[in-house]
Each structure stands twice: as C-alpha cells, then as structure tokens.
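Take a look at the structure below.
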Amino acid sequence: MSSLKGRDLLSIADLTPEEMRTVLDLASDLKKGEKKFNSNKTLGLLFYKASTRTRVSFSVAMYQLGGNVIDLNPSRTQVGRGEPLEDTARVLDRYLDILAIRTFAQEDIETFADYSDIPIINALTDLEHPCQILADLQTIEESFGCLEGLTLTYLGDGNNVAHSLLLGGVLMGMNVRIASPEGYLPDENIVKQAQALAKKPEQVIVTQSAKEAAENAHVLYTDVWASMGQEEETAQRIPIFQPYQINQELVNLADDSAIILHCLPAYREKEITAEVMEGRQSRIWDEAENRMHAQKALMACLLGLG
Ligand code: CP
Ligand code: NVA
C-alpha cells in the first residue's frame with residue numbers, strides 16, 4: 001500500500017496491475033467490514049459538473065474513514081470567477097489532505113497535480129472516469145471470482161467511461177471490446193495505449209458491430225449516448241446509437257453467465273432497456289454501491305492510512 005502514498009489518480013493507467021490489485025483487495029475487505037480506518041483527513045470536492053454517485057460515495061467514504069469533506073462548489077469559490085487553477089491548487093494544497101476534481105479538460109486536473117503535493121483524484125473528465133472503473137472491476141470480480149481472461153464488452157459512445165474501461169480492463173488481463181458507431185469510436189491515443197499495455201493483441205477490439213462485440217461476452221456495459229457537455233446533441237444521436245442499445249436480444253448473444261453493468265445515470269429505452277436493467281443479470285446497483293468501497297480503499301492507499 002505504501003507505494004501509492006502521496007500519488008495522484010488522473011488516469012486509471014496511473015496504477016500498475018499490482019497497485020490495482022491492492023486497491024481492489026482493500027475495497028473488498030472494507031466492504032466485508034474486515035478492515036477499518038480512523039483518520040482525521042480532509043477531502044475537498046471540486047465538481048464543475050453534476051454528480052450524484054461520485055459526490056455522495058466520496059463523501060460517505062471519507063466520513064467512514066474518520067475524516068471530513070468540504071464541497072468546493074465552483075460557483076461559490078473564486079475558481080468560478082476566474083482565479084487561475086495554479087493559484088487555487090497551491091492554496092488548497094495548504095488546507096486539504098486530498099482533492100477530488102470533476103471537470104471537462106484532462107489538462108486542468110494535470111495542472112492541479114503539477115501545482116499541489118496532495119493526492120489529486122480524477123472524479124471524471126471528458127477523457128477518463130477512473131474511479132468508476134475501480135468499482136466496475138470490483139463488481140465483476142465479485143460475480144466471477146477473477147478478472148483475467150474475462151471478456152468485457154462496452155457498447156455506445158467511445159467516451160470517458162469507455163476509455164477508462166479499456167485501459168483498466170486490459171491492465172487486469174481482461175479482453176475488452178468497444179463497439180461504437182463511426183465517428184464516436186474511442187480516442188485513438190487511448191486505444192494505442194491499451195494495445196501497448198495488452199499482453200496479447202486480441203485483448204483490445206474496437207468495432208462498429210454491436211452483435212459481434214456482444215457474442216460470448218461475460219460483461220455487457222453501457223453509458224449514456226450523450227455525456228455531460230454534449231446535451232445539445234442528445235436528439236441527433238438517438239438514431240445513430242440505437243443499434244448499440246443493450247436489450248434482451250443483445251444479452252442473448254452474450255455468455256449465459258454474463259452480467260450487465262451501467263455506470264448510471266441511465267436512460268431507459270435509450271442505451272439500455274428497463275427489462276435488462278431490472279433483469280436477473282443486472283449488477284448495476286452493486287456496481288453503484290461499490291463506488292463507495294472502491295473510493296474508500298483508493299483514498300486509504302493515497303493517504304497512506306493503516
Ligand atoms: N457514475 C457516476 O459517476 O455517477 P454521478 O455522475 O452521479 O457521479
Ligand atoms: N459519460 C458520462 C458519465 C456520467 C457518469 C458523462 O461524462 O456524462
């Protein structure tokens with residue numbers, strides 16, 4: 001655990017497989033109540049975008065670690081009035097022990113990390129959503145008892161969640177398939193990074209065929225078709241993404257043991273049907289719960305608790 005002390009988590013690929021294993025094992029122990037911490041640390045939350053799960057799960061996790069949380073709402077702090085990030089970062093560094101940021105540009109969290117010594121956590125950018133993927137991997141491991149060798153298929157927009165799933169899944173030895181329509185495929189640099197991390201070329205598949213990607217998969221995963229900041233494109237995207245909807249027909253192509261995940265919030269009858277969301281293969285609510293356990297473990301590691 002000590003190797004993570006003082007580090008940032010800006011991308012899921014900031015973790016080695018061994019470090020990811022440490023976080024996932026601790027998350028599992030915390031969930032079972034086999035481990036407890038009693039710290040007096042302060043977490044700052046600087047969120048430029050809406051959030052239910054990330055905000056609440058980080059807050060409760062820090063309270064359960066014995067610490068405190070300060071909500072640095074940009075509309076009520078000087079960053080919202082244009083104070084440079086470099087200045088804000090250096091000042092917050094003097095007050096807080098750890099800071100989770102949700103924003104648009106990955107470069108902005110990199111600036112925070114450059115100008116402060118406390119751990120900076122990416123609580124979602126346009127490029128990545130690493131904390132989500134920690135919880136996803138925990139959920140998959142709870143269902144299958146392992147990660148390596150499993151096939152995870154993500155269907156929909158090649159967005160932040162797709163990027164972190166691709167990197168995180170491959171790091172842990174999974175086969176990751178991303179099925180997206182033309183023009184919405186994942187970022188080429190992220191795909192290249194995942195290919196470089198993969199032990200075998202077949203671990204990374206990017207395709208436009210939802211059906212091929214779903215065949216014999218162990219996990220079917222989707223996310224909203226228009227992310228925060230893309231709301232104006234919502235209507236025009238619906239017909240483009242329709243073939244990528246997770247519905248019972250697609251689930252039938254996957255492995256019999258397959259589980260269904262969605263990071264939430266979900267739009268029923270758009271990226272996923274209500275039938276599948278509420279069906280026996282859905283692990284969506286466990287996945288949401290695991291945000292809290294995984295982030296508690298992450299913060300304990302970055303703060304060097306224990
Ligand atoms: N999945 C997720 O990050 O949810 P919130 O936007 O509600 O935090
Ligand atoms: N891709 C979505 C994830 C929300 C948790 C977004 O960025 O809005």
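As the structure lists them, so they are numbered: ligands from 1, and atoms in each ligand from 1.
In this structure, Leu264 counts as a contact residue of ligand 2, since one of its heavy atoms falls inside 4.0 Å of the ligand. Between Lys49 and ligand 1 there is no heavy-atom distance shorter than 4.0 Å.
Taking the ring axis of Phe104 as reference, the NZ or CZ atom of Lys49 stays within 45° of it and closer than 6.0 Å to the ring centre.
A side-chain N or O of Gln64 and one of Lys296 form a donor-acceptor pair less than 3.5 Å apart. Under 3.5 Å, the side chains of Asn290 and Thr139 contain a donor-acceptor pair of N or O atoms. There is no side-chain donor-acceptor pair under 3.5 Å between Asn73 and Tyr48. A donor atom on one side chain and an acceptor atom on the other are not found under 3.5 Å apart for Thr273 and Arg268. Side-chain contact, Ser164 with Glu128: a donor N or O sits under 3.5 Å from an acceptor N or O.
Between Asn160 and Thr125, the closest heavy-atom pair is ND2-O, 3.0 Å.
The proximity of His262 to ligand 1, defined as any non-hydrogen pair under 4.0 Å, does not occur for either the backbone or the side chain. Only the side chain of Gln132 comes within 4.0 Å of ligand 1, counting heavy atoms alone; its backbone N, CA, C and O stay farther away. The part of Leu264 lying near ligand 1 is the backbone, judged by heavy-atom distances below 4.0 Å.
Protein heavy atom nearest atom 8 (O) of ligand 2, with residue, atom name and distance: Met228 N, 2.8 Å. Here the heavy atom of the protein found nearest to atom 4 (O) of ligand 1 is Arg53 NE, 2.9 Å. Atom 6 (O) of ligand 1 has Arg102 NH1, 2.8 Å as its closest protein atom, hydrogens excluded (heavy atom only). Nearest to atom 7 (O) of ligand 1 among the protein's heavy atoms is Thr52 N, 2.7 Å. In terms of protein heavy atoms, atom 3 (C) of ligand 2 is closest to Asp223 OD2, 3.6 Å. Counting protein heavy atoms only, atom 2 (C) of ligand 1 is closest to Arg291 NH1, 3.3 Å.
The six-membered or imidazole ring of Tyr221 lies away from that of His262, with a centre-to-centre distance of 6.0 Å or more.
Listed by atom number, the atoms of ligand 2 under 4.0 Å from Asn160 heavy atoms are 1 (N), 2 (C), 6 (C), 7 (O). Each of the atoms 1 (N) of ligand 2 lies under 4.0 Å from some heavy atom of Asn159. Counting the atoms of ligand 2 from 1 in the order shown, those under 4.0 Å from a heavy atom of Leu124 are 3 (C), 4 (C), 5 (C), 7 (O). Interface of His129 with ligand 1, defined as ligand atoms under 4.0 Å from a residue heavy atom, comprises 2 (C), 3 (O).
In summary, of the residues considered (Asp126, Ile190, Asn189), a side chain to side chain contact (heavy atoms under 4.5 Å, CB included) with His163 occurs for Ile190 alone.
Ligand 1 has no nitrogen or oxygen under 3.5 angstrom from a nitrogen or oxygen of Pro265.
Among Ala123, Ser51, Ser227, the residue whose heavy atom sits closest to atom 6 (C) of ligand 2 is Ser227.
When side chains are defined from C-beta on, Asn247 counts as touching Leu250, because their heavy atoms get closer than 4.5 Å.
Under the 4.5 Å side-chain contact rule for hydrophobic residues, Leu30 and Leu9 share a cluster.
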